[in-house]
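Notes for the one structure printed next.
Worth saying up front: this structure is predicted, and the values here are computed from it rather than measured.
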Amino acid sequence: MKHISFCQTWVIIVLYMAMTVTIKAQENDLTLDDLFSTPKLTGTTPSRPAWAPNSEHFAFSWSEPGSSGRRLWVFTSDGKKVALSSDAESASVRDIVWTDANTIVSLRGNDLWQTSLSQGNDLQLMPVETGAHNLSISPSGKQVAYIRNGDLWLADFSSKQNRQLTEIGIASLSKLPKGLYSRPEREIGPGIWSGPTYKWSPDGKTIAFHSVDRREMRKVPFPDYLAEESNSNEVRRGYPGDPNEIRRVGLLDLASGNIVYLDLPDPQVNQVIDFNWSSDGALLIDTASDTAVERKLFVVAPGESQLREIWRGVRESRMYTSFGSTWHPDGKKVIFLSDMGDRYGLYSIDVSSSKDRPQLLTDPAYDVLSAPSIAGKALFYTGNGVNPYEQHVYSLKKSGGNPEQVTNLAGRNVGYPSPDGRNLVFMHSNDTSPSELYLMSANGGGAKRITNSPLPAFTERTWVGAEYVSFPSLADDCLLHARILKPTNMQLGKKYPVLFGPVYSNTARNRWAGNYSLVQQLLVKKGYIVVQVDSRGSNGYGRAFREEFLLGFAAQDIEDYASAVAYMESLDYVDPDRIGIWGSSYGGTLSVYSLLKKPGLFQVGVAAAAAVDPVFFGTDDVAIVRTPQTHPEIFERKALKYAANLQDKLLLIHGMQDHVVPFKTTAMLAEELIKQGKNFDFAFAPGATHGWSRERNYDRYLFGKLIEYFDRYLAKPSE
């Protein structure tokens, strides 16, 4: 046996201590490059699962940590991986449908692939047209429909032929295929913000589809400065009070090719929330006005096209809201999500009686957050019954009784029940964990983790969990709620800078928020305290708190942040002279208006994609500001009117291809600030859209500017 000398022992100890220090340094030295490296630290988020019709298997697309391209994954209902994965040479899996209990058809590139569980093979089935998406299997399982260039197509498995079913699609005006409003002039598909696409009737003879026509909308230029020669690049984009998309529901007869459009009222001012077929072929159609004031449910009898209104709900105070509906399995009742009470709830109504009043099915003490999924003998839905910060899956027996909480992992949970209702796959995330799939019995109990997406570099680090606190409003008797992330190595007697952000409604939530969560963790590592507040307009606190946001943008919610600042300043470890605010979209709006309307409340603000002029809001924003014709005073609330008030540090961030909040509006504010002799900073990205925080290169660059700005002015105490 070889003996180690005393000197050798000390050398080993010193080396071990050095390694420990190095590991500790690596743990602390989180950088922006780490967050935005490829492959992503957090890995690939799994797709929503698709259950086999017999409930014995479920499938989803995903890639293991460090792998590229989405592959097909199949698991049994008890959580065992099927020893079968998609061909490594095929393109990434995009859409997944089951043709029967043992066969999956998936869309990969421009081909359909067929995966057989019984035979254990994964084979190329047939080509489809370039640009195919939104697969939907026919009731017979022998054909699949898809969307291409705004039209419906049909792929037949036996003949291997593709057939165009409609001639509706008209190409986009835009020469640049990016930005939310770069959409076809006319198409079968959702509206700009929401809506269904198409659905097969249960007998497979008819397809109901959602047609959207934008040709009467305003043409708005979004100049493309990256083209060989700059061009105006017009898109269809309305402003509040403008004509909106024309949204219609059509019924396509597969045998004849004939289309009948349903006579829905005022399709320019009413959106189609959804439509669903009953088991006997009746069609339920859910609509709402763009202002959200009016909600209607219609039924079309089997084989007919005449609409029959079964329920109408009107409330002038309603604003951005959640809707959803489906048939009860008995085909005689409809179940729908509504805000008739103080909290969102699920209601049932008998379609045969026009005098039937909706009956509340769920607990009125908390908000239901989704339309129901009906599986087996139960209804499944999500709600915030534990607390406003969490979202759980609940079940309710079709025969009645009290709802039961199914999931128990703290955080955000979205459920996908098996057709027989016995098992539940759910997507789970929390403050420190990105979204992953789990499996459990629908009767409760422990959950089995199905996916592990992050890279080792993520799982080996320590991520900071959040504290959830409440404090009184200084403006009224409301109790406000906040989410706080603190540095782990806080020192007694030291005062720390505070960053509010990203600010928005519904942010005090125990969930993983993608790049925003990564950036928050980096800021905490750098020594900042990070705070998010559920300001007016947020769910979880009753109708009055939520609807106070109507006509009140950048008003009462700023008072909520003033109360939050006062609460944070009352803590002995907070430096009241180093408080910042940041956000994007409406969060950017809050950041700008807070600095301009309450100078000194925050010492530094970073406003990304900030909506600073309500005249240029979108047609969907009539749900919170209505129109210039009805509420002209709201449209005078432009940020540039307060430009003379700027005294704090302000960085404006904007993508020049932002169709949601036109770059023009920030340029107009910048011009006014210059005229007023104000000192501010500006970071722009020529090709970035409204979703800059998720766009490769732009995310790294613009988040870098944000962090540099706070470091410059808040990282160290002022002398």
Side-chain angles (χ1 to χ4, degrees), residues 240 291-293 315-322 339 342-344 367 388-389 469-483 500-509 531-570 579-602 605 607 610-615 617 620-627 630-639 641-642 645 648 661:
T291 60
V293 168
R315 193 170 70 253
E316 291 295 332
S317 64
R318 189 183 285 131
M319 42 152 273
Y320 285 145
T321 190
S322 298
D339 57 355
D342 185 55
R343 302 301 184 101
Y344 286 111
D367 288 306
Y389 324 128
V469 301
S470 57
F471 49 89
S473 165
L474 300 181
D476 53 29
D477 58 358
C478 281
L479 190 66
L480 300 174
H481 300 256
R483 171 182 183 264
F500 283 82
V503 294
Y504 214 92
S505 57
N506 298 307
T507 55
R509 298 291 183 268
V531 182
Q532 291 180 288
V533 180
D534 271 356
S535 54
R536 308 296 157 129
S538 298
N539 293 332
Y541 312 103
R543 181 200 288 175
F545 188 84
R546 184 176 70 248
E547 293 188 348
E548 197 164 352
F549 186 56
L550 176 64
L551 304 177
F553 83 94
Q556 184 62 43
D557 48 3
I558 291 180
E559 297 299 329
D560 292 339
Y561 282 93
S563 297
V565 168
Y567 169 75
M568 294 304 297
E569 289 179 342
S570 71
I579 300 181
I581 183 172
W582 69 280
S584 189
S585 191
Y586 185 70
T589 304
L590 276 172
S591 301
V592 168
Y593 279 82
S594 294
L595 267 60
L596 299 183
K597 296 180 73 173
K598 284 188 175 293
L601 179 63
F602 299 98
V612 295
D613 187 341
V615 171
F617 284 8
D620 63 304
D621 290 319
V622 297
I624 58 168
V625 296
R626 301 307 190 236
T627 70
T630 61
H631 294 78
E633 73 283 0
I634 300 301
F635 292 84
E636 292 300 316
R637 204 183 298 165
K638 306 170 189 289
K641 295 183 68 173
Y642 309 99
N645 296 338
D648 305 296
V661 179

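- Note: E633 CD to F635 CZ = 9.0 Å, rounded to the nearest 0.5 Å.
- Under the 4.0 Å criterion applied to side-chain N and carboxylate O atoms, R536 and E559 are not assigned as salt-bridge partners.
- In this structure the side chain of N539 reaches within 4.5 angstrom of the side chain of N506, judged on heavy atoms.
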Pair F617-F553, ring pair (Phe, Tyr, Trp, His ring centres under 6.0 Å): steps then yes or no = CA-CA 12 Å; F617 284 8; F553 83 94; 5.4 Å; yes
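- In terms of heavy atoms, K597 sits closest to I558 at CD-CD1, 4.3 Å.
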request  = For the pair S535 and Y504, evaluate side-chain hydrogen bond (donor to acceptor under 3.5 Å, both in side chains) and give the outcome as yes or no after the intermediate values.
outcome  = CA-CA 7 Å; S535 54; Y504 214 92; over 6 Å; no
request  = For side-chain contact (heavy atoms from CB on, under 4.5 Å), just list the numbers for I581 and L595, CA-CA rounded to whole Å, side-chain angles, deciding distance to a tenth of an Å, and then say yes or no.
outcome  = CA-CA 9 Å; I581 183 172; L595 267 60; 3.8 Å; yes
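- To the nearest 0.5 Å, the span separating CG on D648 from CD1 on I579 amounts to 11.5 Å.
- Residues S594 and S591 bring no donor and acceptor atom of their side chains to less than 3.5 Å of each other.
- By the 4.5 Å heavy-atom criterion applied to side chains, R483 and V531 are not counted as neighbours.
- In this view, D621 satisfies the salt bridge (charged side-chain N to carboxylate O under 4.0 Å, His left out) rule with no residue, not counting sequence neighbours.
- In summary, the aromatic rings of H481 and Y541 are positioned with their centroids under 6.0 Å apart.
- Closest non-hydrogen pair, D534 versus T507, comes out as OD1-N, 2.9 Å.
- The pair R343-D367 meets the salt-bridge criterion, since a charged nitrogen lies less than 4.0 angstrom from a carboxylate oxygen.
- Taking the side chain as every heavy atom from C-beta outward, F500 and W582 never approach each other to under 4.5 Å.
- Residues A639 and Y593 come closest through the heavy atom pair N-OH, 3.0 Å.
- With rounding to the nearest 0.5 angstrom, the CG atom of L550 is 7.0 Å from the OG atom of S317.
- Here the shortest heavy-atom pairing between V293 and R626 reads CG2-NH2, 3.4 Å.
- Across all their heavy atoms, V592 and A610 have their closest contact at CG2-CB, 4.0 Å.
- Checked by atom type, the side-chain pair S473/D476 shows a donor-acceptor distance below 3.5 Å.
- Cation-pi geometry between R546 and Y344 is met: under 6.0 angstrom from the ring centre, within 45 degrees of the axis.
- In summary, the side chains of D557 and Y586 do present a donor paired with an acceptor at a separation below 3.5 Å, with no hydrogens or angles considered.
- By the 4.0 Å N-to-carboxylate-O rule, R637 lies too far from D613 to be salt-bridged with it.
- The closest side-chain donor-acceptor pair between Y320 and S505, if any, does not fall under 3.5 angstrom.
- Two residues are said to be in side-chain contact when any heavy atoms from C-beta on lie closer than 4.5 Å; R543 and R315 meet this criterion.
- Counting all heavy atoms, side chain and backbone alike, P599 lies closest to N645 at CG-O, 3.6 Å.
- Between E547 and T321 there is no side-chain heavy-atom pair separated by less than 4.5 Å.
- In this structure, the side chains of L590 and Y561 come closer than 4.5 Å at one or more pairs of heavy atoms.
- With rounding to the nearest 0.5 Å, the separation of CZ in F545 from CD in Q556 is 8.5 Å.
- Using a distance-only test at 3.5 Å, with no hydrogens or angles considered, a donor-acceptor pair links the side chain of T627 to the main chain of T630.
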